[in-house]
Asks: 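Got a structure for you, written out below as structure tokens; questions coming shortly.
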Amino acid sequence: MLLEEISVQDLNKLWKIFNQKFTDTGLIKGAFSAPGRVNLIGEHTDYNEGFVLPIAIEKKIIMLGQLRRDRLVQVCDLGYKAETKFSLDNLYPDKKDTWANYLMGVVDEIQKAGYPLQGANLIFTSNIPQRAGLSSSAALEVVTALTMAKLNLLEIEPVKMACLCRRAENNFVGVACGIMDQYISCLGQKNYALFIDCRSNDYEPVPFKNHNYQIVICNSKVQRGLVNSEYNKRKEECKMAAEFFNHKLKREIRALRDVTIDEYKKYQRQLPEVIARRARHVILENYRVQTGVQALRMGNYPAFGQLMIESHKSLKDDYEVSCAELDLLVDLALEQEGVLGARMTGAGFGGCTVNLLKREYVDAFEKTIKQGYKKIAGIIPDIYVTQPAEGAKVLELRG
Ligand code: GLA
């Protein structure tokens, strides 16, 4: 089913499935959605308390739920035809049904934050590709948080909800991610990218609607197993660099976000070579995000595209989180007419690239990238054309 624009008929079909699975408890019920994301620029900067510029995409998870009178949560994933159940009083990471950890982690964090919960029956369906770096897991966390909050009549404000979902991923799923994915899934805005300050957790919407330009995502369809271990390693390396600068400079350096380019240049040679490169990526990437936001505000899309190209180069050479397939997609893209910028997006080691194109070239781009990538990598990539979409929302609430 296409979920780009969910119609009343689509929702009715989902309710039919829901009603076949569960007996009506007579309590409050509702339908909710949360989108995936693509990051335009600002990669591996969120956990360095820096800046990011993601958009929510037009792919999402829809969850239907009804409150129960007891403390059981029963869930059915329609896509994978998988089911699970757990008690709100007995939450622990599941080694077998690992997908259930996203849901359990979220209800655990809601309860830990002091909110009272009752059990619920839930079903969900998604059109966000999995393991593609488009944050299908953050979307599942966020839609679960929204569903459980609304069914239990709790008002959890969106930034708080994003933080809670991030903690679920950190503590329950065991991935040491930053705040970006959950944040944009909660707070995304139609036609806007969000310029997020990952220290204060404030954001500014940046208009991203121009009839002449289009964001296109290419899915390499590869995912290296390295993502988690290398991600944690980069985090450690950044911490080491921040500690070094904290020691050198006469002010408090809490994270790489606090180091200027000039300070970096002055001391870089005193750092081990690899650590110096990691720090350079983060410091310059933060600068690129801020410059990119100014460019977009002035409608200077070519300047923004150039920053995307520089970002990719830095992720590839300095941060070393790209891979042959992502580099190939970027190289193929940059050979195409009408392409202003191309870069890997998300954690890296596979997943997707994000491209900025002149709109009239989108069809030709799609065709040539598919052919070129298939010829060399032997895989037909998936290509998604998207506008910045809305964040998590209530589709309906009854009773
Ligand atoms: C993953 C993490 C985010 C962020 C990106 C890299 O998507 O979940 O927090 O660190 O990688 O920018």
Side-chain angles (χ1 to χ4, degrees), residues 34-57 59 101-102 105-106 128-142 159 162-188 193-199 201 203 217 219-220 223-239 255-257 278 281-286 288-289 292 307-308 311-312 314-316 318-323 326 343-354:
R37 66 98 188 91
V38 71
N39 189 18
L40 301 183
I41 199 157
E43 220 63 82
H44 290 275
T45 43
D46 61 353
Y47 54 83
N48 288 297
E49 302 187 22
F51 304 102
V52 293
L53 189 71
I55 61 169
I57 57 174
K59 292 193 177 291
N101 291 335
Y102 297 101
V106 167
I128 311 171
Q130 291 206 354
R131 293 172 60 79
L134 298 177
S135 293
S136 61
S137 42
L140 179 55
E141 288 153 7
V142 170
V159 174
C163 293
L164 199 144
C165 289
R166 176 198 179 181
R167 287 202 300 276
E169 178 126 2
N170 293 164
N171 301 335
F172 222 87
V173 181
V175 177
C177 65
I179 188 68
M180 171 168 70
D181 307 344
Q182 292 80 4
Y183 196 109
I184 189 69
S185 185
C186 281
L187 286 109
L194 295 196
F195 173 41
I196 307 169
D197 177 335
C198 301
R199 167 168 285 164
N201 282 345
Y203 75 94
I217 300 166
N219 184 352
S220 69
Q223 183 64 271
R224 306 270 171 268
L226 291 167
V227 192
N228 281 352
S229 59
E230 290 294 321
Y231 188 94
N232 291 343
K233 215 159 133 193
R234 296 299 177 280
K235 237 180 131 173
E236 273 310 305
E237 289 165 342
C238 290
K239 203 168 143 219
L256 281 178
R257 138 69 169 284
R278 306 298 191 240
H281 166 73
V282 174
I283 294 164
L284 290 178
E285 184 80 352
N286 273 328
R288 279 189 285 270
V289 181
L307 292 163
M308 293 171 77
S311 169
H312 183 77
S314 175
L315 287 158
K316 172 175 178 256
D318 279 349
Y319 218 63
E320 295 179 283
V321 289
S322 188
C323 65
L326 289 172
R343 56 180 288 273
M344 54 149 278
T345 185
F349 300 102
C352 291
T353 62
V354 56

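Each ligand, and each atom within it, is numbered from 1 in the order the structure gives.
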Asks: Does any N or O atom in G42 lie less than 3.5 angstrom from one in ligand 1, N or O only?
Replies: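 Such a contact does not occur with ligand 1.
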Asks: Nearest to atom 5 (C) of ligand 1 by heavy atom, Q182, M180, R234, K235: which?
Replies: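 Checking each option, the heavy atom nearest atom 5 (C) of ligand 1 is found in M180.
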Asks: Using 0.5 Å steps for rounding, measure from the CE atom of M180 to the CG atom of L53.
Replies: 10.0 Å
Asks: Is D46 in polar range of ligand 1, meaning some N or O pair under 3.5 Å apart?
Replies: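 It does: an N or O of D46 is found under 3.5 Å from an N or O of ligand 1.
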Asks: Quick check: H44 and ligand 1, any N/O pair under 3.5 Å apart?
Replies: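 Such a contact does occur with ligand 1.
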Asks: Does some side-chain heavy atom of V52 sit less than 4.5 Å from a side-chain heavy atom of V289?
Replies: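 V289 does not reach V52 side chain to side chain.
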Asks: Do any nitrogen or oxygen atoms of Y231 lie less than 3.5 angstrom from nitrogen or oxygen atoms of ligand 1?
Replies: yes
Asks: Where is the nearest protein heavy atom to atom 8 (O) of ligand 1: which residue, which atom, and how far?
Replies: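 Here the nearest protein heavy atom works out to D181 OD2, 2.6 Å.
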Asks: In this structure, which one of R278, K233, R234 forms a salt bridge (Lys or Arg N to Asp or Glu O under 4.0 Å) with E320?
Replies: R278
Asks: Heavy-atom contacts with Y47 under 4.0 Å: which atoms of ligand 1 show up? List them by number with element.
Replies: 10 (O)
Asks: When Q182 is tested against each of R167, R37, E141, R166 for side-chain hydrogen bond (donor to acceptor under 3.5 Å, both in side chains), which residue passes?
Replies: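 Answer to the side-chain hydrogen bond (donor to acceptor under 3.5 Å, both in side chains) test with Q182 among R167, R37, E141, R166: E141.
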Asks: Report yes if some heavy atom in the side chain of V321 is under 4.5 Å from a heavy atom in the side chain of E230; otherwise report no.
Replies: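 Contact flag for V321/E230 side chains = no.
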Asks: Taking only heavy atoms of G178 into account, list the atoms of ligand 1 that are under 4.0 Å away from them.
Replies: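 Checking each atom against G178, I get 9 (O).
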Asks: Tell me which part of R37 gets within contact of ligand 1: side chain, backbone, both or neither, using heavy atoms under 4.0 Å.
Replies: side chain
Asks: Which word best sums up how the rings of Y319 and H44 line up, parallel for under 30°, tilted for 30 to 60°, or perpendicular for over 60°?
Replies: tilted
Asks: Heavy-atom distance under 4.5 Å between the side chains of C163 and N201, does that happen here?
Replies: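 Yes, side chains in contact.
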Asks: C177 heavy atoms, cut-off 4.0 Å: which ligand 1 atoms fall inside?
Replies: 2 (C), 8 (O), 9 (O)
